[in-house]
Amino acid sequence: MTAYLALALQLGTRAVNAAADPRAEIAAAVARVADRVAGSKAWLGPELRLVVLPEYALTGFPMRESLPEWRERAALDPGGPEYRMLAGIAVREEVFLCVNAYERDEHFPGLYFQATVILSPAGEVVLRYRRLHSLFTPTPYDVWERYTQVYGIDAVLPVARTEIGNLAALASEEVQVPELARALALRGAEVFCNPTSEASSPDLTPKAIARRARAVENLAYVVAANSGGLTGIAVPGDSVNGGSELIDPQGRALARAGSGETLMAAAELDLAALRRARRRPGLANLPSRVKAALWADEYARHDVERPCGLESGPRERAWFRARQSETIARLLGPEEPPA
């Protein structure tokens, strides 16, 4: 398959922070996903093959909850009922379904990870990526030695080779991390699925600029699904609402949604054209011009965020902020006293 429709499905999110029965709320969210994906497939037609859902569309995000509290309230089990229901949606609608959710891991009790999972039309998990850059959520880098021992580096930076191209995930603000997208592109990624929940604007936001940059510098498509509003917590509901978009390898928006729940961010991805561009010598073929050895040596010189901070188990939220402050101090040196 060299061309197909992809959809950044913009959905409203109901936070489970104060829900009396969070598991029931999550099940209801999965049911809403099933309804909206079915409706989208009926509207857009059989050429729809990829559907990307917004970031944490089933639960919302933690506010003041501790790591164990949020793990119990909102994190899914990798083989649990929610994923089985989502797999059923992918099978019924014959789509690759990309969902972002918090999930547990038996190897890391007390912690959870934010995962982006792609389910195939056969109901199989073809990609499980766990977010590597997050200010307050545990990541594989926080338990790096144990994580890579259990899963290996290919599971840390996965690329799914499928009939609709080579798929990879950039979770939310990770679209602003050029090293991650470049590493995935060097591993073959052609389409970046970008579940996000962000403030949108008629003007280009930092994340919107980053999406265009990642597409251009890696000769790749970006399918970015944003929330269509947020309820259930005190944050104003339209703070994360609208602007889902698909970006082509030249940085152009193929489609962009307004606010609210909508399927308007849908467009054709032309893999044949993308692959021709990647094989064409010239200034625009930036992936072929990467000086990987130079940057590997240079990056190794710098002491920035350190790995393995959660090897001993969960920490309080204040620890994450203190870690960032310590990293800034290493980068910039001690703060000068005011004159």
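Quantities reported herein were computed from a predicted structural model and do not represent experimental measurements.
- Between G110 and P314, the shortest heavy-atom distance links the atoms O-CG, 3.4 Å.
- Counting only N and O atoms by type, the side chains of N218 and R182 include a donor and acceptor under 3.5 Å apart.
- Counted by atom type alone, S244 and Q10 present one or more donor-acceptor pairs between their side chains at under 3.5 Å.
- Remark: the backbone N or O of S66 is paired with a side-chain donor or acceptor of E69 at under 3.5 angstrom.
- Scanning both residues, Y221 and L269, for their nearest heavy atoms gives CD2-CD2, 3.6 Å.
- The aromatic rings of F108 and Y147 lie parallel to each other, their planes meeting at an angle below 30°, with 60° marking the opposite boundary.
- Taking each heavy atom of L97 and A90 in turn, the nearest pair found is CB-CB, 4.1 Å.
- A salt bridge links E103 to R130: at least one charged side-chain nitrogen sits closer than 4.0 Å to a carboxylate oxygen.
- Between E65 and R71 there is no salt bridge, since none of the side-chain N atoms of the basic residue sits less than 4.0 Å from a carboxylate O of the acidic one.
- Using bins of under 30°, 30° to 60° and over 60° for the plane-to-plane angle, the ring pair Y102/Y56 lands in the parallel bin.
- The nearest pair of heavy atoms linking G60 to T13 is N-CG2, 3.6 Å.
- Taking a cutoff of 4.0 Å between a charged side-chain nitrogen and a carboxylate oxygen, R49 and E268 do not qualify as a salt bridge.
- Screening E217, E173, E174, E198 for a salt bridge (Lys or Arg N to Asp or Glu O under 4.0 Å) with R211, the sole residue that qualifies is E198.
- In this structure, D270 does not pair ionically with R275, as no charged nitrogen and carboxylate oxygen lie closer than 4.0 Å.
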